[in-house]
Amino acid sequence: MSEPIESVNLIVIGRISTAHSEIANMPIQSSGAADQKGVAEVFPQFADGLADIEGFSHLILLYNFHRQDGYKLMVKPFMDTVEHGVFATRSPKRSAAIGMSIVKVFKVEGTKIYFEGADMLDGSPLIDIKPFFKAFDNRPDAVSGWLEGKDETQIKKVRSDDRFK
């Protein structure tokens, strides 16, 4: 067995601008933030990586929870009243502090991607952008663990509070 890797270095490729300056009252998922707009701006040295991106309706943005303070292995998520292991949730209190949002693109101008579904804090460091492929990324036979049977319409109404500061 090889030695465990304790850390990795990630390159920040840009910044995300949103209207969310505070964690409290933010949407908890991009699917519940359809009316929330944002801009992902890629730094100039990564501009060539945006070639052909305007043909995609949705993108997966990976970013850093830059204002997260520490992590917890057991958390009480917004969609439940009992604790679960952090890796069975989408809590931002993660050891690697990496967030993921699937957003809907409405315009690409130069190094800026304008999108709907902003569920991240203003100034979030952008780590990566991946295209959303409907044939690859949709799983109609997926099972959602402890979330099975939860009211899926709730996701559009639930807003964050201070539990994950």
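The figures here come from the full heavy-atom set of this structure, side chains too, leaving out hydrogens, waters and symmetry mates. Since the structure is predicted, the reported quantities are computational estimates derived from the model, not experimental observations.
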message: Counting C-beta onward and ignoring hydrogens, is there a side-chain heavy-atom pair between R15 and P125 closer than 4.5 Å?
response: yes
task: Report whether V108 and I13 are members of the same hydrophobic cluster (ILVMFWY, side-chain heavy atoms less than 4.5 Å apart, transitive linking).
output: yes
message: Minimum heavy-atom separation for K72 and V75, please, with both atom names.
response: CB-CG1, 3.8 Å
query: Can you tell me if CG on D48 sees more than 12 non-hydrogen neighbours from other groups inside 6.0 Å?
result: no
Shortest non-hydrogen contact from P27 toward H20: CD-CE1, 3.5 Å
Heavy-atom donor-acceptor pair, H84 side chain to T89 backbone, under 3.5 Å: no
- request: Determine the minimum heavy-atom distance between T18 and A118, stating which atoms define it.
  value: CG2-CB, 3.8 Å
statement: Residues pairing under ring pair (Phe, Tyr, Trp, His ring centres under 6.0 Å) where one sits in residues 33-64, two or more places apart or in two chains, turn out to be F56-F133, Y63-F65
field: Exceeds 12 heavy-atom contacts within 6.0 angstrom, atom OH of Y114
entry: yes
- line: CD of E83 to OG of S91, rounded to nearest 0.5 Å, is 10.5 Å
task: Look up atom CG in L121 and atom CE in M26, then write down how far apart they are to the nearest 0.5 Å.
output: 4.5 Å
Minimum heavy-atom distance between A40 and L126, given as atom pair plus value: CB-CD2, 4.1 Å
message: Assess the residue pair I60 and M100 against the criterion (side chain to side chain contact (heavy atoms under 4.5 Å, CB included)); give the C-alpha distance rounded to whole Å, side-chain angles, the decisive distance to 0.1 Å, and a yes or no.
response: CA-CA 7 Å; I60 302 168; M100 176 190 89; 3.6 Å; yes
message: Are the side chains of L50 and I129 in contact, using a 4.5 Å heavy-atom criterion?
response: yes
message: Starting from I11, can I reach I113 by hopping between I/L/V/M/F/W/Y residues whose side chains sit under 4.5 Å apart?
response: yes
- prompt: How far does OG of S101 sit from CZ of F115, to the nearest 0.5 angstrom?
  reply: 7.5 Å
- prompt: Side chains of Q36 and D119: closer than 4.5 Å at any heavy-atom pair?
  reply: no
- request: Let me know which of D137, L62, L59 forms a side-chain contact (heavy atoms from CB on, under 4.5 Å) with K130.
  value: L62
field: In one Ile/Leu/Val/Met/Phe/Trp/Tyr side-chain cluster, 4.5 Å: F87, Y71
entry: yes
message: I'd like to know if K37 pairs up with E116 as an ion pair, taking the criterion as any Lys NZ or Arg NE/NH1/NH2 lying under 4.0 Å from an Asp or Glu carboxylate oxygen.
response: yes
message: According to a hydrophobic-cluster definition based on side-chain heavy atoms being under 4.5 Å apart (Ile, Leu, Val, Met, Phe, Trp, Tyr only), do I102 and M120 belong together?
response: no
- prompt: Is there a side chain to side chain contact (heavy atoms under 4.5 Å, CB included) between I53 and V105 once you walk through the steps?
  reply: CA-CA 10 Å; I53 206 162; V105 177; over 6 Å; no
Under 3.5 Å donor-acceptor, N64 side chain and I127 backbone: no
- request: Write down the atom of D122, the atom of S17, and the distance for their closest heavy-atom approach.
  value: OD1-CA, 3.2 Å
- request: Nearest 0.5 Å please: distance from the NZ atom of K112 over to the CD atom of E41.
  value: 4.5 Å
message: Can a donor-acceptor pair be found, under 3.5 Å and without considering hydrogens, that links the side chain of R67 to the backbone of E22?
response: no
query: If Ile, Leu, Val, Met, Phe, Trp and Tyr residues are connected whenever their side-chain heavy atoms lie under 4.5 Å apart, and connections chain through other members, are V82 and L73 in the same group?
result: no
